[in-house]
Amino acid sequence: MKVKKYIPDQSGLANSVGVTLDRFIKKKQDDFTFASGELSQLLRDIALAAKIVNRETNRAGLSRISGSFGHTNIQGEDQQKLDVIANIRFMRALSKGGEVCAIISEEDDEVVEFKNKSGKYVVAIDPLDGSSNIDVNVSIGTIFSIYRRVTPIGSQIRTEDIMQAGNTQVASGYIIYGSSTMLVYTTGRGVNGFTYEPSLGEFFLSHPDMKAPQNGEIYSINEGIYNQFDEGLKSYLQLCKSRKLCARYIGSLVADFHRNLLKGGIYIYPATSSLPNGKLRLLYEANALAFIAEQAGAVASNGTNRILDVMPTSLHQRTPLIIGSKKMVDEVLAINNKFSDQIL
Ligand SMILES: O=P(O)(O)OC[C@H]1O[C@](O)(COP(=O)(O)O)[C@@H](O)[C@@H]1O
Ligand SMILES: [Mg+2]
Ligand SMILES: [Mg+2]
């Protein structure tokens with residue numbers, strides 16, 4: 001029987017569609033000698049839920065999905081229907097997957113413990129980020145952090161499984177539901193971005209080995225609360241204006257972060273008189289993006305410490321966040337120090 005060797009097509013008639021997320025995860029898993037495939041499966045479960053939430057966000061304008069859910073979450077925020085739908089979708093996918101033993105979610109007051117005690121991972125999640133932009137067709141997202149539980153598998157979940165510093169994350173990432181839908185994640189070996197191809201129902205590698213520019217021309221901050229900023233921050237913003245830097249603020253953390261990661265820039269949500277610890281949440285917003293930022297060569301600080309070194313003390317604790325291109329964050333921190341020295 002005659003056999004011929006497969007020679008990849010050179011005609012260019014059928015362009016390669018690229019590397020699927022599934023294949024990429026599999027290949028990366030092989031890099032880990034002792035990988036058991038559970039983290040890979042967990043990432044796939046997140047991608048599956050992301051596809052479903054993507055479908056829902058595309059229909060966000062339709063009455064069944066848009067508007068308030070008529071319930072307030074523990075942060076006192078009016079939950080949007082899509083906040084709740086996204087929370088249900090990710091919870092369901094992760095409970096079915098079997099790799100997760102507990103979830104910390106922005107939309108749940110307490111830790112949610114899954115029946116399957118065999119799961120060795122703890123996930124912290126902001127199911128829908130940028131809720132104020134849902135009904136106005138502006139990019140929104142999902143943010144997730146993954147930790148390994150520290151107590152024996154199968155035992156009762158304990159505080160030490162939940163209250164872990166960001167520097168112990170085994171993986172983190174976000175999904176941005178924008179003009180295209182992307183999933184960006186790290187397992188501590190660089191950052192890769194995948195674009196969703198709805199007609200094939202697959203995420204494809206579109207942004208391999210993402211690196212943040214060391215400097216940038218964009219600053220992202222809600223200047224509507226300018227009067228509540230401290231003198232150090234006010235003087236940094238004056239500097240940005242004198243340099244004619246570009247002010248860009250979408251009001252969806254994921255979208256502002258993603259743009260600045262690609263183009264170079266800084267996002268700041270400081271401590272203010274009305275929010276003395278800032279607005280954003282350490283466990284399911286700041287830690288995940290800080291891990292991505294650092295893996296891409298950028299920086300994330302709370303103004304005093306590296307975000308990833310902050311030891312959490314409560315589930316929904318807030319933190320000031322200064323995140324973005326290294327030179328820009330370093331400059332803000334230097335100005336802050338100068339001002340705090342003057343005060344002393
Ligand atoms: O409207 P403000 O005060 O500028 O806050 C906007 C920030 O709040 C958030 O919407 C908070 O996240 P959630 O939408 O997940 O609650 C961020 O996405 C965004 O950067
Ligand atoms: Mg959020
Ligand atoms: Mg949210």
Side-chain angles (χ1 to χ4, degrees), residues 49-50 53 56-57 60 66-69 71-91 103-109 112 123-145 172-178 184 218-229 233 237 247-261 265-290 292-293 300 302 307 315-324:
V53 172
E56 305 288 12
T57 56
S66 70
S68 168
F69 180 61
H71 182 267
T72 306
N73 66 18
I74 191 165
Q75 351 248 335
E77 290 164 348
D78 174 26
Q79 280 185 319
Q80 302 299 298
K81 283 183 190 161
L82 206 55
D83 283 321
V84 178
I85 290 170
N87 196 40
I88 294 167
R89 292 290 184 190
F90 279 99
M91 285 278 174
I103 289 199
I104 306 133
S105 168
E106 178 189 3
E107 304 309 333
D108 284 284
D109 303 0
V112 178
V123 171
I125 191 161
D126 177 356
L128 207 285
D129 177 65
S131 308
S132 62
N133 281 326
I134 293 171
D135 291 346
V136 290
N137 211 350
V138 170
S139 299
I140 48 183
T142 294
I143 309 173
F144 62 89
S145 278
S172 81
Y174 58 88
I175 298 113
I176 177 166
Y177 312 102
V184 175
I218 298 169
Y219 64 102
S220 310
I221 188 166
N222 180 349
E223 292 207 62
I225 48 177
Y226 179 87
N227 296 340
Q228 298 184 41
F229 297 164
L233 182 52
L237 293 176
R248 286 279 180 276
Y249 190 70
I250 296 170
S252 294
L253 170 63
V254 163
D256 282 309
F257 174 78
H258 183 70
R259 182 212 38 246
N260 294 352
L261 187 70
I266 187 170
Y267 171 98
I268 304 173
Y269 208 110
T272 63
S273 40
S274 52
L275 291 165
N277 297 314
K279 176 175 183 176
L280 302 167
R281 283 52 60 113
L282 178 66
L283 263 69
Y284 43 78
E285 289 173 320
N287 271 337
L289 300 185
I292 294 268
N302 64 4
I307 288 284
L315 219 49
H316 300 282
Q317 77 182 72
R318 298 177 189 268
T319 177
L321 181 62
I322 305 169
I323 189 166

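Both ligands and their constituent atoms are indexed starting at 1 by order of listing. Numbering starts at 1 and runs along the sequence shown.
Interface atoms of ligand 1 facing Arg281, defined by a heavy-atom separation under 4.0 Å, are 11 (C), 12 (O), 13 (P), 15 (O), 16 (O). Taking every non-hydrogen atom of Ser252 and a distance limit under 4.0 Å, the qualifying atoms of ligand 1 come out as 18 (O), 20 (O). Each of the atoms 15 (O) of ligand 1 lies under 4.0 Å from some heavy atom of Asp126. Near Asn222, meaning under 4.0 Å from one of its heavy atoms, ligand 1 places the atoms 2 (P), 3 (O), 4 (O). Every atom of ligand 1 is numbered from 1 in the order shown, and the set under 4.0 Å from a heavy atom of Glu106 is 13 (P), 15 (O), 16 (O). For ligand 1, the atoms lying closer than 4.0 Å to a non-hydrogen atom of Leu253 are 17 (C), 18 (O), 19 (C), 20 (O).
Counting only residues at least two apart or in different chains, salt bridge (charged side-chain N to carboxylate O under 4.0 Å, His left out) contacts with residues 266-277 are absent.
Closest protein heavy atom to atom 1 (O) of ligand 1: Lys279 NZ, 3.8 Å. For atom 3 (O) of ligand 1, the nearest protein heavy atom (residue, atom name, distance) is Tyr269 OH, 2.6 Å.
Sorted by chain and number, the protein atoms of type N, O or S within less than 2.8 Å of the Mg ion (ligand 3) are Glu106 OE1, Asp126 OD1, Leu128 O.
Counting only non-hydrogen atoms, the option in Ile134, Thr272, Asp129 that gets closest to atom 12 (O) of ligand 1 is Asp129. Atom 10 (O) of ligand 1 has its nearest heavy-atom neighbour, among Gly141, Ser220, Gly251, in Gly251.
In terms of modelled atom types and a separation under 3.5 Å, the side chain of Asp256 and the main chain of Ile250 share a donor-acceptor contact. Listed for the Glu285 side chain is no donor-acceptor partner under 3.5 Å among the backbone atoms of Leu283. Side-chain atoms of His258 do not come within 3.5 Å of backbone N or O of Ile175 as any donor-acceptor pair. Between the side chain of Ser252 and the backbone N or O of Val254, no donor-acceptor pair lies under 3.5 Å. Side chain of Asn73 to main chain of Gln79: no donor-acceptor pair is present (N/O by atom type, distance under 3.5 Å, no hydrogens or angles).
Under the side chain to side chain contact (heavy atoms under 4.5 Å, CB included) criterion, Asn260 pairs with Ile218, Ser220, Tyr267, not counting sequence neighbours. In this structure, Tyr177 has no ring pair (Phe, Tyr, Trp, His ring centres under 6.0 Å) partners at least two apart in sequence or on a different chain.
Closest of all the heavy-atom pairs between Asp135 and Ala60 is OD1-O, 4.3 Å. Across all non-hydrogen atoms, the minimal contact from Ile143 to Leu253 is CD1-CD2, 4.0 Å.
When each of Asn277, Leu282, Asn302 is tested with Arg318 by the rule side-chain contact (heavy atoms from CB on, under 4.5 Å), just one qualifies, namely Asn277. Applying the side-chain contact (heavy atoms from CB on, under 4.5 Å) test between Asn87 and each of Thr142, Val53, Asp108 identifies Asp108 as the sole match.
Residue Asp256 places no N or O, backbone or side chain, under 3.5 Å from any N or O of ligand 1. For Leu280, no nitrogen or oxygen atom sits less than 3.5 Å from a nitrogen or oxygen atom of ligand 1, counting backbone and side chain alike. Here's the thing with Leu128: one of its N/O atoms is less than 3.5 angstrom from an N/O atom of ligand 1. Not a single N or O atom of Ser132, backbone or side chain, sits closer than 3.5 Å to an N or O atom of ligand 1. The shortest N/O to N/O separation between Tyr249 and ligand 1 falls below 3.5 Å.
For Glu285, every heavy-atom contact with ligand 1 shorter than 4.0 Å involves the side chain, none the backbone. Within the 4.0 Å heavy-atom criterion, the part of Tyr267 lying near ligand 1 is the side chain and not the backbone. Here Ser131 has heavy atoms under 4.0 Å from ligand 1 in both its backbone and its side chain.
Side chains of Gln75 and Glu106: no donor on one and acceptor on the other come within 3.5 Å. Between the side chains of Asn287 and Ser145, no donor-acceptor pair of N or O atoms lies under 3.5 Å.
For Phe144 and Phe90, the ring centers are positioned 6.0 Å apart or more.
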